[in-house]
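A note on names: the letters A, B, ... follow the listed sequences, proteins ahead of strands, and every chain is numbered from 1.
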Amino acid sequence: MLGLRECRECKPVKLSPRAEEVGLFFAQMLDHEYTTKEVFRSNFFRDWRKEMNLEERTLIADLNKCDFGELHAMHKSKVEARKNMTKEEKQVIKDANQKIVDEFGFCLLDHHKERIGNFKIEPPGLFRGRGEHPKMGMLKKRIQPEDVIINCSKDSRIPEPPAGHRWKEVRHDNTVTWLVSWTENVQGSVKYIMLNANSKLKGEKDWEKYEVARQLKSRVGQIRSQYLEDLKSKQMVTRQRAVALYFIDKLALRAGNEKEEGESADTVGCCSLRVEHITLHDTLAGESCVVEFDFLGKDSIRYYNKVPVSKRVFKNLKLFMENKQPGDDLFDRLSTGTLNKHLSSLMPGLTAKVFRTYNASITLQQQLKELSNMSDSTAEKLLSYNRANRAVAILCNHQRAPPKSFDQSMANLQSKIDTRREQMAQAKRELKQAKKDAKESSDPKLMTVLEKKRKAVARCKEQLLRMEVQATDKEENKQIALSTSKLNYLDPRISVAWCKNLDVPLDKVYNKTQRDKFAWAVHMTEKDFEF
DNA sequence: GTCATGACTTAGTAACCTCTTG
DNA sequence: CAAGAGGTTACTAAGTCATGAC
């Protein structure tokens with residue numbers, strides 16, 4: 001029941017099913033800060049009113065007068081009830097879900113049974129883009145069978161639409177990999193159901209991606225000297241292209257396609273950088289020719305970096321910025337299209353994003369070589385691995401929100417370390433005493449006691465080291481997401497070979513899902529693999 | 001060339017699950 | 001055995017890039 005505030009009282013309103021469903025979406029999100037944002041509220045309210053009947057529309061004219069208290073409470077109690085279910089009740093639900101996965105979660109491709117990545121149609125709800133998205137709060141509508149295109153082979157068992165419905169289309173296109181598609185109403189983009197990352201199809205593509213990046217390894221020297229040469233070109237286009245490439249290569253920036261204004265959050269990549277996104281410093285903190293970057297990239301993640309660049313790049317940037325407004329394009333003669341066309345002429349398959357893959361993987365390989373020692377303990381080796389991984393994540397600007405309980409769990413770990421320190425001091429004292437006792441008497445029992453104490457000290461020491469290493473790792477990782485680079489940029493063969501060479505079990509580096517995804521690499525990689 | 005569209009990869013977050021610990 | 005931490009999975013938004021129409 002929705003409450004509606006009037007002059008004095010708040011009167012309850014029973015909503016029609018359609019209006020209630022959408023109102024409930026809003027009520028469920030009330031704990032989120034974004035439901036207070038004006039853009040979110042007005043988008044939501046506009047779409048909500050579309051779902052109301054005439055009577056409701058007349059009655060409910062102002063979102064600020066709506067009291068979602070009861071609907072919100074209802075939702076909260078549902079969540080609470082779910083949390084408080086018994087083990088058995090939870091198991092029943094889990095079994096039911098598993099049955100759904102078994103029935104709908106797989107398909108047959110070239111006679112292989114393959115897991116589907118996302119086999120469920122996206123449910124309706126309120127759209128929440130990332131960053132300052134102009135469409136936040138809009139209603140994402142329920143998808144009907146009539147919206148859905150099925151793509152399967154001619155001779156396969158075509159899935160039945162739900163009773164009383166029909167599919168939008170059934171097609172047999174083997175040039176694409178998707179099984180189902182539909183058009184989503186908020187952005188008008190096509191959504192797909194595709195295979196899981198552990199499938200043969202995705203694995204082969206992944207392998208190809210890294211092979212292209214490895215080809216770049218042998219050509220990158222030549223390509224670099226060419227774009228450094230191009231910095232001097234008489235052609236403005238060529239110079240802009242050269243500077244953009246310099247950024248893409250050195251800083252691992254994304255290509256930066258044009259975006260339609262007002263359709264999504266204002267974010268940029270290399271080619272779409274604007275004058276306002278960089279500041280030039282002739283000197284800064286003792287270094288000359290420093291470029292200060294400050295812009296929002298993919299997912300509205302901030303990229304902030306101060307980078308010393310070559311004199312020539314610096315001079316070009318000054319030139320590109322001449323007579324321009326802050327909102328003007330830095331590279332006004334350049335587009336991702338022309339940039340990629342140029343790159344593919346230098347090497348087949350070469351595009352801007354290959355540089356990210358290449359630089360990420362080569363950095364991991366170099367860092368691993370530099371940081372890890374055969375004589376280290378496994379914990380120390382893993383710290384080195386994480387540090388190498390982290391160097392890549394920083395290069396690619398992969399960030400995360402610091403975990404909510406970060407400070408608390410850091411403090412907990414620290415106090416555990418302190419306790420262990422005391423234990424070790426105690427153990428050492430006992431060892432000393434045992435040594436003394438053993439010296440003064442020939443009782444063989446004392447020798448076994450001594451041995452025991454010795455082992456206790458060693459155990460303490462090892463545990464302490466492990467915890468200290470863990471603390472360092474955790475602190476350094478506070479705002480950095482390692483998983484994105486691990487999953488998308490680092491040639492898995494580097495990690496597999498490293499594990500083999502340093503005698504580290506692979507499951508310390510890759511969990512089950514990751515081992516499945518990288519099965520191709522696990523099989524083919526020898527100790528001597530070089531990226 | 002440019003523009004729209006489609007197909008696919010890359011991305012961060014929230015929900016969920018599991019293991020540890022008091 | 002409950003609670004909490006930490007790891008894992010699900011989810012879906014937001015990029016990249018090729019293609020084809022104009």
Side-chain angles (χ1 to χ4, degrees), chain A residues 29 31-32 79 82-84 87 90-91 93-94 97 101 105 117-123 125 127-131 133 135-136 140 149 151 173 175-178 181 183-184 186-197 201-202 205-206 208-209 254-260 263-265 267-272 296-301 333 335-341 343-344 349-357 360 393 396-401 403-406 408-410 412-413 416 470 474 477 479-489 510-514 516-517:
Chain A
M29 300 171 116
D31 288 334
H32 281 285
V79 171
R82 194 162 355 124
K83 219 170 64 188
N84 291 331
K87 238 182 178 173
K90 282 182 184 164
Q91 191 58 44
I93 291 176
K94 210 178 154 188
N97 283 336
V101 173
N118 57 329
F119 63 90
K120 291 176 180 165
I121 290 273
E122 293 174 17
F127 177 81
R128 170 58 182 149
R130 325 249 168 125
H133 199 117
K135 297 192 171 185
M136 65 170 85
K140 192 168 117 167
I149 303 173
N151 188 35
D173 182 355
T175 68
V176 295
T177 70
W178 54 268
S181 78
T183 302
E184 155 270 356
V186 175
Q187 320 236 47
S189 62
V190 189
K191 297 269 189 163
Y192 303 93
I193 283 179
M194 291 180 185
L195 294 187
N196 190 277
L201 183 82
K202 295 276 188 188
K205 286 225 171 182
D206 214 28
E208 276 170 24
K209 174 180 80 183
R254 295 187 184 83
N257 284 305
E258 290 297 327
K259 295 173 69 176
E260 217 178 325
E263 291 296 300
S264 59
T267 62
V268 296
C270 186
C271 293
S272 49
L296 298 182
K298 182 177 179 181
D299 295 304
S300 292
I301 297 292
R333 308 284 177 87
S335 73
T336 53
T338 54
L339 178 69
N340 278 334
K341 211 164 257 170
L343 289 175
S344 71
L350 186 61
T351 62
K353 89 183 182 95
V354 177
F355 281 88
R356 254 168 98 80
T357 312
C396 294
N397 199 38
H398 292 142
Q399 299 188 27
R400 62 167 183 174
K404 271 186 217 124
S405 53
F406 184 86
Q408 183 58 56
S409 86
M410 200 66 204
N412 290 349
L413 184 57
K416 262 165 80 181
Q470 198 189 347
K474 202 183 172 98
N477 237 13
Q479 304 201 56
I480 297 167
L482 298 187
S483 60
T484 306
S485 48
K486 202 178 202 176
L487 247 38
N488 300 302
Y489 289 102
Y510 288 144
N511 67 29
K512 176 80 170 72
T513 316
Q514 294 162 343
D516 284 349
K517 166 168 176 160

A:Glu122 and A:Lys191: CA distance, side-chain angles, deciding distance, side-chain contact (heavy atoms from CB on, under 4.5 Å) verdict: CA-CA 9 Å; A:Glu122 293 174 17; A:Lys191 297 269 189 163; 3.2 Å; yes
Step by step, work out the side-chain contact (heavy atoms from CB on, under 4.5 Å) result for A:Lys94 and A:Asn97. CA-CA 5 Å; A:Lys94 210 178 154 188; A:Asn97 283 336; 5.7 Å; no
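For C:dA14, the OP1/OP2 oxygens have a side-chain nitrogen or oxygen of A:His133 closer than 4.0 Å. Side-chain N/O atoms of A:Arg400 include none lying less than 4.0 angstrom from OP1 or OP2 on B:dA11. In this structure, A:Gln187 does not reach the C:dA13 phosphate: none of its side-chain N or O atoms is under 4.0 Å from OP1 or OP2. The phosphate of B:dC8 has OP1 or OP2 within less than 4.0 Å of a side-chain N or O from A:Thr177. An OP1 or OP2 oxygen of B:dG12 is reached within less than 4.0 angstrom by no side-chain nitrogen or oxygen of A:Ser483. Taking only side-chain nitrogens and oxygens, A:Lys202 comes nearer than 4.0 Å to OP1 or OP2 of B:dT9.
Of the candidates A:Asp299, A:Ile301, A:Leu296, A:Asp299 is the only one forming a side-chain contact (heavy atoms from CB on, under 4.5 Å) with A:Arg130.
Nearer to the 5' terminus of DNA chain B, by closest-nucleotide assignment, is the contact made by A:Thr183 (compared with the other of A:His32 and A:Thr183). Comparing A:Thr338 and A:Ile301 along DNA chain B, the residue whose closest nucleotide (by nearest heavy atom) sits nearer the 5' end is A:Thr338. Each of A:Lys120 and A:Ser300 was assigned the nucleotide of DNA chain C with the nearest heavy atom; the assignment lying further toward the 5' end belongs to A:Lys120.
Residue contacts for A:Gly297: at a heavy-atom cut-off of 4.0 Å it reaches the sugar-phosphate backbone alone, with no base atom in range. In this structure, A:Tyr489 reaches the sugar-phosphate backbone alone: every heavy-atom distance under 4.0 Å involves primed, P, OP1 or OP2 atoms, never a base. Note on A:Lys512: nothing from the nucleic acid sits closer than 4.0 angstrom, heavy atoms only. A:Ser181 comes within contact range of no nucleotide atom at all, as no heavy-atom separation falls under 4.0 Å. Among the heavy atoms of the strands lying under 4.0 Å from A:Lys140 are primed sugar atoms or P, OP1, OP2 only; no base atom is included. Nucleic acid contact class of A:Thr267 (heavy atoms, under 4.0 Å, all strands): sugar-phosphate only.
For NZ of A:Lys90, the number of neighbouring non-hydrogen atoms (other residues, nucleotides, ligands) closer than 6.0 Å is greater than 12.
Between A:Gln479 atom CD and B:dG12 atom P there is a gap of 13 Å when expressed in whole angstrom units. Note: CG (A:Asp206) to C1' (B:dT9) measures 10 Å, nearest angstrom. Atom-to-atom, CG of A:Asp299 to C1' of B:dT13 comes out at 10 Å; the value is rounded to the nearest Å. If you measure from atom CD1 of A:Ile93 to atom P of B:dC16, you get 10 Å, rounded to the nearest angstrom. Following rounding to the nearest Å, A:Phe355 (CZ) and B:dT9 (P) show an atom-to-atom distance of 21 Å. Atom NZ in A:Lys517 sits roughly 9 Å away from atom C1' in B:dT10 (whole-Å rounding). At whole-Å resolution of the value, CZ in A:Arg130 and P in C:dC11 are 15 Å apart. Separating the CG atom of A:Asn118 from the P atom of C:dA13 is a distance of 12 Å, rounded to the nearest angstrom.
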Once base and sugar-phosphate atoms are separated, protein heavy atoms under 4.0 Å mark nucleotides 16-22 of chain C, 5' to 3', with B, S and - as BBS----
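Panel note: side chain A:Lys202, backbone A:Met194; no donor-acceptor pair is recorded below 3.5 Å. Judged by distance alone, with hydrogens and angles left aside, the side-chain atoms of A:Gln479 form no donor-acceptor pair with the main-chain N or O of A:Gln399 at under 3.5 Å. When atom types are taken as modelled, the side chain of A:Arg128 and the backbone of A:His133 share no donor-acceptor pair closer than 3.5 angstrom. Side-chain atoms of A:Lys135 do not come within 3.5 Å of backbone N or O of A:Gln187 as any donor-acceptor pair.
In the interface, the side chain of A:Lys209 is not paired with the base of B:dT9 through any donor and acceptor atom under 3.5 Å apart.
The aromatic rings of A:Tyr192 and A:Trp178 lie tilted to each other, with the angle between the two planes from 30° to 60°.
A distance of 5.5 Å separates CZ in A:Arg254 from NZ in A:Lys298, rounded to the nearest 0.5 Å.
Minimum atom distance to the side chain of A:Arg82 is reached by B:dC16, of the listed B:dA11, B:dT9, B:dC16. Considering only side-chain atoms of A:Ala401, the nucleotide from B:dA7, B:dT13, B:dA11 that sits closest is B:dT13. In the set B:dC8, B:dG6, B:dA11, B:dG6 carries the atom at the smallest distance from any side-chain atom of A:Val190. Ranking C:dT8, B:dT10, B:dG12 by closeness to the A:Asn488 side chain, first place goes to B:dT10.
The shortest heavy-atom contact between A:Arg400 and A:Ile480 is NE-O, 3.5 Å. Heavy-atom minimum distance, A:Ser181 versus A:Val190: CB-CG1, 4.0 Å. Considering all non-hydrogen atoms of both residues, A:Leu343 and A:Thr351 come closest at CD1-C, 3.6 Å.
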So which protein nitrogen or oxygen atoms get under 3.5 Å of nucleotides 17-22 of chain B's nitrogens or oxygens?
none

Please enumerate all protein N or O atoms sitting under 3.5 Å from an N or O of nucleotides 3-6 of chain C, with distances to 0.1 Å.
from, atom 1, to, atom 2, distance (Å)
C:dG6, OP1, A:Lys474, NZ, 2.7
C:dG6, OP2, A:Ser409, OG, 3.2

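A heavy-atom distance below 4.5 Å is found between the side chains of A:Arg356 and A:Cys396.
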